[in-house]
Amino acid sequence: MAWKVLIANRGEIAVRIVRACRDLGLRAVGVYSPIDRRGRHVLLADEAYALPGDAPADSYLNMAALLEIARRAHVDAVHPGYGFLAENPSFAAACEHARLTFVGPPPSVLAECGDKVRTRERLAAAGIPVLPGSGPVTDADARAAAERIGFPLLIKAAGGGGGKGIHLVRSTQELPSALRLARGEARTAFGDDRVYVERWLAGARHIEVQVLADTRGHVVALGERDCSVQRRHQKLIEESPAPGLSSSMRQKLLQAAEHGARVLGYVSAGTFEFLVDGDECYFLEVNARLQVEHPVTELVTGVDLVGQQFRVARGAELEIAPPVPVYGHAIECRISAEDPHDGFLPSTGTVHALAEPGGPGIRVDSALAPGIEVTRHYDPLLAKVIAWGTTRAEAIARMKRAIAETAVGGVATTVPFHLWALDDAAFQSGAYDTQFAGRWEARRPRGDPVRAVLAATAFAHMEAGRMRLPPDRQNGRWQKTAREEQFREK
Amino acid sequence: MAWKVLIANRGEIAVRIVRACRDLGLRAVGVYSPIDRRGRHVLLADEAYALPGDAPADSYLNMAALLEIARRAHVDAVHPGYGFLAENPSFAAACEHARLTFVGPPPSVLAECGDKVRTRERLAAAGIPVLPGSGPVTDADARAAAERIGFPLLIKAAGGGGGKGIHLVRSTQELPSALRLARGEARTAFGDDRVYVERWLAGARHIEVQVLADTRGHVVALGERDCSVQRRHQKLIEESPAPGLSSSMRQKLLQAAEHGARVLGYVSAGTFEFLVDGDECYFLEVNARLQVEHPVTELVTGVDLVGQQFRVARGAELEIAPPVPVYGHAIECRISAEDPHDGFLPSTGTVHALAEPGGPGIRVDSALAPGIEVTRHYDPLLAKVIAWGTTRAEAIARMKRAIAETAVGGVATTVPFHLWALDDAAFQSGAYDTQFAGRWEARRPRGDPVRAVLAATAFAHMEAGRMRLPPDRQNGRWQKTAREEQFREK
Amino acid sequence: MSDYDVTFAKEARTVTVREAGGGLQLTVEGHTHEVALIPWVPPTHFILLVDGSSTPVVVMRAGEELRVTVGFDQHRVRIARSVPVPRRGAGGGSRSSEVRVEAPMPGLIVAVQAQSGATIEQGAPVVIMEAMKMQMEIRAPSAGRIRSIRVQAGQEVSKGQVLVELAAETTA
Amino acid sequence: MSDYDVTFAKEARTVTVREAGGGLQLTVEGHTHEVALIPWVPPTHFILLVDGSSTPVVVMRAGEELRVTVGFDQHRVRIARSVPVPRRGAGGGSRSSEVRVEAPMPGLIVAVQAQSGATIEQGAPVVIMEAMKMQMEIRAPSAGRIRSIRVQAGQEVSKGQVLVELAAETTA
């Protein structure tokens with residue numbers, strides 16, 4: 001009998017894991033909240049079960065419901081994806097207790113990595129440079145911790161990553177509201193409102209190292225990723241190799257990550273995050289999960305990271321050994337339901353239609369399908385476009401082409417930001433840091449405004465002409481006329 | 001000023017060339033027949049111009065119209081894609097005469113490779129084994145030529161490739177109708193009804209070698225492709241490296257192709273086709289164009305073949321030198337509008353909606369978009385799915401997963417054939433030959449017939465329920481109800 | 001509750017359909033299944049859910065027949081609501097000596113090779129058709145006399161359209 | 001033939017539209033262009049053809065404004081048919097001392113921090129909202145007295161919905 005895997009997640013990462021199951025001959029069991037019932041991960045799974053509500057606490061954070069489905073569907077293993085319960089040691093322990101293989105680090109390692117201060121101390125003791133920071137703090141303790149560490153600093157969620165619950169604080173006055181927002185977000189995203197404080201280096205690069213470790217003591221680093229293009233601590237673009245990183249710094253980071261993974265007794269896929277500031281680097285934290293940006297590593301190494309997670313979870317040895325050769329260059333752009341022309345605020349609505357890119361060097365990891373709803377309940381990430389090229393310039397050229405082919409009908413996305421970033425001289429030179437995305441606001445217009453006037457007028461004229469048609473759902477109107485156009489004009 | 005390129009083609013290959021233009025910063029000019037006006041290649045091009053009619057002779061074979069558009073749009077170069085005018089020396093010469101760079105071999109090389117008998121003789125003289133065959137024959141001469149060469153044999157179009165105008169003949173009696181059909185197809189596809197005769201080896205493998213050559217005498221072979229999975233001389237699946245090919249045979253083929261390209265003074269991308277029968281190999285012909293299956297070579301070598309064609313066309317040196325390293329394994333499945341459950345006969349109609357695959361290792365080269373018409377006028381190829389894996393087994397597993405995610409709503413396609421072939425033990429072992437696809441007819445059912453009964457009953461029940469809705473276009477009915485479903489059930 | 005007569009692989013069964021909650025309950029040969037047919041890629045592709053387990057299926061109507069593709073298998077199913085319909089053999093032996101030669105694909109008539117009134121052999125070409133750059137000879141399914149030719153060169157035909165009518169030499 | 005008043009970057013122009021053949025002829029500032037707006041990805045994405053040259057554009061209606069994205073630029077365009085409409089400044093200085101604090105995004109009201117009748121400083125948090133796991137404090141755009149609170153914790157709001165009404169301390 002094929003192993004049966006419950007995928008305790010949604011969206012593009014659930015689709016990614018269904019695909020890994022197919023590739024490995026495993027049976028994929030999906031779960032869905034009411035609003036996700038037509039989701040791509042549901043349609044692609046071998047079996048799919050309903051969760052009781054839309055709110056994360058009722059659905060993808062709902063341990064009791066997930067474990068009950070696992071029992072009813074007779075699954076052998078649970079893959080948590082990223083976010084939600086991925087780094088929750090209680091969930092991993094509850095899976096173990098129910099005799100389910102948790103596809104990720106063991107509960108003890110999750111607990112260890114979740115205690116950011118302890119991890120930092122252990123790695124510092126092992127000779128790895130770290131940034132000053134605190135352990136989980138109460139609101140009352142936070143001020144003293146902040147003053148000890150110094151401003152600017154970050155409030156970060158202890159219970160998970162992915163940029164949720166991170167707030168930059170430049171002064172004591174900003175502390176109370178940052179604490180409030182960070183705790184609120186952390187509670188919604190991970191069901192855990194603990195936060196800690198960490199020094200922030202403006203102008204540094206955010207570089208992380210992908211590691212894989214098996215239960216037999218083998219550890220391998222699979223190159224680094226530069227994730228410095230961030231907005232509100234949400235990564236927007238990631239690439240591997242990191243441009244302009246000296247080979248001595250690269251070696252230092254890979255060795256620190258492999259060494260750190262051994263020190264922590266790490267198992268499964270994980271990421272060691274660093275800030276690189278000139279010739280200095282500082283360990284930040286371990287992301288004890290598969291990450292959103294894992295495909296860039298897959299494209300330059302050829303390794304199926306989710307496949308290796310399953311191997312490790314079944315107790316097998318890793319199929320790869322260091323040093324892992326890297327071929328060419330890969331870049332990922334996140335297509336999120338955030339409007340860059342409106343402060344990157346969330347954009348919700350129905351996806352009426354879509355165009356996804358393809359062709360040479362392009363991989364698409366997407367949860368999009370016509371008719372799906374983008375709601376306030378979940379992460380805004382809709383799809384990832386990943387480009388590979390023999391050189392960084394080729395990867396950028398392909399990505400520009402692919403992003404221009406990407407369209408989500410009915411919801412504003414980060415596509416315009418990517419068009420700008422990929423065309424920016426600083427990005428193209430590789431000399432960018434975590435401040436880069438902030439320059440979006442100060443960008444100079446490029447396009448020809450006459451085209452906008454012509455487009456608007458043609459739109460208004462067509463819209464006026466269409467008004468004579470029978471009225472339709474407000475949102476469906478253009479979809480309908482578009483289809484009629486196609487039929488009429490043949 | 002960016003170079004401006006007229007793409008004298010349609011469908012997925014026109015999309016591929018638009019993408020190459022974008023990647024290289026060239027300006028892409030599309031052309032379209034009336035029925036293709038909403039084609040993906042039209043929407044993606046920087047400029048697009050109408051051709052007068054739908055029939056190939058009025059559109060993509062219409063030299064006068066194409067050259068007039070080239071003049072009006074001030075293009076610098078013409079890329080012919082494959083099929084249509086790609087191997088027509090008169091068109092290449094007319095481009096040269098109009099001071100347009102033809103992105104392909106010079107007219108003299110096209111003329112040489114078009115004269116299959118001459119090519120065969122020259123390569124035989126250079127020490128490369130060939131199969132017996134004739135030059136272009138009249139119907140009157142064909143019988144004598146056939147009896148000299150022996151049965152079974154193939155009638156093949158002299159003016160182009162791609163499986164058009166090829167007919168298998170097992171006896172003298174079959175000769176007249178095969179000649180008639182072959183000439184008819186060749187006239188429609190290439191505007192040239194010359195045919196020739198060639199010996200056929202049942203049970204051999206069809207292996208071809210990709211070469212690139214520049215105007216400075218550099219020639220490089222980029223590995224081989226196994227294209228033995230054919231039906232009616234139309235390739236269905238291609239892969240690289242060829243499974244089970246000994247390294248000595250591989251070397252022999254690559255060297256023969258490089259040597260042959262030098263002998264012929266070849267320039268641009270081209271393919272040397274061979275039949276491999278046990279320890280023997282026979283040169284068949286040169287395909288003097290970019291081929292449908294070029295992406296499998298791109299995936300295992302990392303080389304952008306269309307990009308290199310443009311380099312060579314501008315007089316630059318190739319960026320690569322032999323031996324070209326090969327990474328992993330790639331397979332291509334052609335998604336064509338042919339119904340495998342109805343003798344692979346063409347299927348036409350409107351594409352109402354579609355699902356294209358993605359995720360790790362998958363490249364999609366597609367001309368599909370909702371609303372396009374699949375007509376009798378053009379080649380049935382709609383899209384290509386190409387899978388890469390570190391091993392052949394991984395590539396096959398990924399391809400199976402990707403094909404299961406592929407759906408073209410409203411038109412029958414080759415998807416079921418691919419599901420069968422990828423799961424077949426002979427295919428999986430790599431021990432297959434040109435007879436393989438014929439076994440589809442003798443396949444044994446795999447599925448559970450109860451599911452078919454349940455699906456049919458549910459369909460009929462839903463259809464009966466929907467009849468109460470206002471009547472709609474026959475074809476649009478399910479599309480409409482599908483959308484209503486989505487809205488209603490939220 | 002509705003009953004359907006479902007004919008499949010020459011065997012007729014009755015399938016009972018009950019609408020329950022959001023889905024359907026289908027009973028066939030004494031087994032009841034929870035079934036949903038979810039539109040995936042309209043108008044032809046669905047996800048069939050049977051007792052929670054999911055399979056992509058393709059359903060196309062071809063005249064009175066439904067063609068249901070599951071994996072690479074295609075099943076031809078005839079289905080009618082409870083009132084029994086007269087069974088018709090799937091393409092089986094018509095007793096009439098009249099044979100209609102139909103277009104096996106949509107396409108263009110390139111040439112008509114048969115002549116009205118002529119007597120032809122079985123397998124003789126009657127029409128040449130073309131679609132998607134492929135040409136095909138349509139041959140007489142039996143020997144006989146051409147009664148009428150219903151198409152001419154240059155004409156577009158749809159799949160199943162009658163090309164030629166033949167008075168067959170009955171060998172029965 | 002129709003004339004449109006198009007206001008863009010605070011400048012009003014007249015654009016004349018003629019329907020011709022399959023497309024449109026648009027005249028703006030003395031130049032006439034052949035224009036077609038081809039639906040690409042409904043309802044928002046089009047291919048704009050201007051004199052044969054092709055550009056993807058995104059057009060979204062936001063109240064009386066059209067937001068037109070070309071490349072990474074977004075242009076806000078107001079457009080009306082020939083009859084001149086009274087100009088309204090885009091978000092410009094209302095003389096009323098009443099200020100409506102609107103939701104900048106769709107989402108959930110997590111907490112209401114303002115109290116009806118209270119006097120607050122400019123920048124004071126009035127409401128905390130959440131969408132897509134991001135929380136945000138909505139702050140008072142000016143000092144003043146809270147006239148009414150229009151939402152409560154746990155409520156879903158749409159973008160632009162009024163959260164709080166404020167009697168601003170007019171500094172003018």
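These values consider heavy atoms only, across backbone and side chains, with no hydrogens, waters or symmetry-generated copies. Each chain gets a letter, A, B and so on, in the order its sequence line appears, and its residues count up from 1.
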inquiry  = Quick check on B:A404 against chain C: is it the side chain, the backbone, both or neither that has a heavy atom closer than 4.5 Å?
reply    = backbone
query = Who wins among B:H341, B:R232, B:E338 for the most heavy-atom pairs under 4.5 Å with chain C?
reply = B:H341
message = Between C:H75 and B:R451, is the side-chain contact (heavy atoms from CB on, under 4.5 Å) condition met? List the steps.
response = CA-CA 10 Å; C:H75 306 278; B:R451 294 196 166 240; over 6 Å; no
request  = Might you confirm whether atom CZ of C:R13 has over 12 heavy atoms from other residues, nucleotides or ligands at distances under 6.0 Å?
outcome  = yes
query = Would one find more than 12 heavy atoms of other residues, nucleotides or ligands at under 6.0 Å from atom CD of B:E441?
reply = yes
task = Heavy atoms only, distances under 4.5 angstrom: which of C:T55, C:V57, C:V77 has the most pairs with chain B? Name it, please.
result = C:T55
message = Is it true that, when you exclude C:E121 itself, more than 12 heavy atoms of the residues, nucleotides or ligands shown sit nearer than 6.0 Å to its CD?
response = no
request  = Evaluate side-chain contact (heavy atoms from CB on, under 4.5 Å) for C:M136 paired with B:L181, printing each intermediate quantity in order.
outcome  = CA-CA 7 Å; C:M136 187 183 212; B:L181 297 174; 5.7 Å; no
message = Is B:V411 close to chain C through its backbone or its side chain, or both, or neither, when contacts mean heavy atoms under 4.5 Å?
response = backbone
task = Can you tell which part of B:V351 gets under 4.5 Å to a heavy atom of chain C, answering side chain, backbone, both or neither?
result = neither
task = Between chain B and each of C:V58, C:V15, C:V110, count heavy-atom pairs under 4.5 Å; write down the option with the most.
result = C:V15
key: Region of C:Q25 that comes under 4.5 Å of a non-hydrogen atom in chain B   = neither
note = Among B:P56, B:P340, B:P416, the residue with the most heavy-atom pairs under 4.5 Å to chain C is B:P416
query = If every non-hydrogen atom of C:P43 is compared with every non-hydrogen atom of B:G409, which pair is closest and at what distance?
reply = CD-C, 3.5 Å
ask   = Taking atom CG of C:L66 and atom CZ of B:F459, what is their separation to the nearest 0.5 Å?
value = 6.0 Å
inquiry  = Once rounded to the nearest 0.5 Å, what's the spacing between atom OG1 of B:T348 and atom CE of C:M132?
reply    = 6.0 Å
query = Where on C:S53 is there a heavy atom nearer than 4.5 Å to chain B: the side chain, the backbone, both, or neither?
reply = both
ask   = Non-hydrogen atoms of chain C under 4.5 Å away: do they reach the side chain of B:T457, the backbone, both or neither?
value = both
query = Heavy-atom distance under 4.5 Å to chain B: side chain of C:H33, backbone, both or neither?
reply = side chain
request  = Could you tell me which portion of C:P104 (side chain, backbone, both or neither) has an atom closer than 4.5 angstrom to a non-hydrogen atom of chain B?
outcome  = both
Nearest heavy atoms of B:A407 and C:V41, plus distance in Å = CB-CG2, 3.8 Å
ask   = How far does CZ of B:R376 sit from CG of C:L108, to the nearest 0.5 angstrom?
value = 4.0 Å
key: Nearest heavy atoms of B:H352 and C:P42, plus distance in Å   = CB-O, 3.4 Å
inquiry  = Rounded at 0.5 Å granularity, tell me how far CD1 in C:I79 sits from NE2 in B:H461.
reply    = 10.5 Å
request  = Would you mind checking which part of B:A186 comes under 4.5 Å of any heavy atom in chain C, side chain (CB onward), backbone (N, CA, C, O), both or neither?
outcome  = neither
query = Where does B:L345 contact chain C at under 4.5 Å (heavy atoms): side chain, backbone, both or neither?
reply = side chain
ask   = Do you know which of B:W440, B:F417, B:Y378 has the most heavy-atom pairs under 4.5 Å to chain C?
value = B:Y378
query = For the candidates B:P346, B:S336, B:A460, B:A458, which exhibits the highest count of non-hydrogen atom pairs separated by less than 4.5 Å from chain C?
reply = B:P346
key: Separation between NZ of B:K164 and CE of C:M134, rounded to the nearest 0.5 Å   = 9.5 Å
message = Looking at every non-hydrogen atom in both residues, tell me the closest pair between B:A464 and C:R81 and how far apart they are.
response = CB-NH1, 4.0 Å
inquiry  = Just checking C:Q115: does its CD atom have more than 12 heavy atoms from other residues, nucleotides or ligands closer to it than 6.0 angstrom?
reply    = no
task = Taking all non-hydrogen atoms of both residues into account, name the closest pair between C:H45 and B:V408 and its distance.
result = CE1-O, 3.1 Å
key: Atom pair CD (C:Q135) and CZ (B:R180), whose distance is rounded to the nearest 0.5 Å   = 10.0 Å
key: C:M60, part contacting chain B, at a heavy-atom distance under 4.5 Å   = side chain
ask   = Testing C:V68, C:V70, C:L26 for side-chain contact (heavy atoms from CB on, under 4.5 Å) with B:L454, which one passes?
value = C:L26
request  = Heavy atoms only: give me the nearest B:R444-C:D73 pair and the separation to one decimal.
outcome  = O-OD1, 4.4 Å
message = Does any backbone or side-chain atom of C:E29 lie under 4.5 Å from a heavy atom of chain B? Answer side chain, backbone, both or neither.
response = neither
ask   = So do B:T188 and C:E130 actually touch side chain to side chain, heavy atoms under 4.5 Å?
value = yes
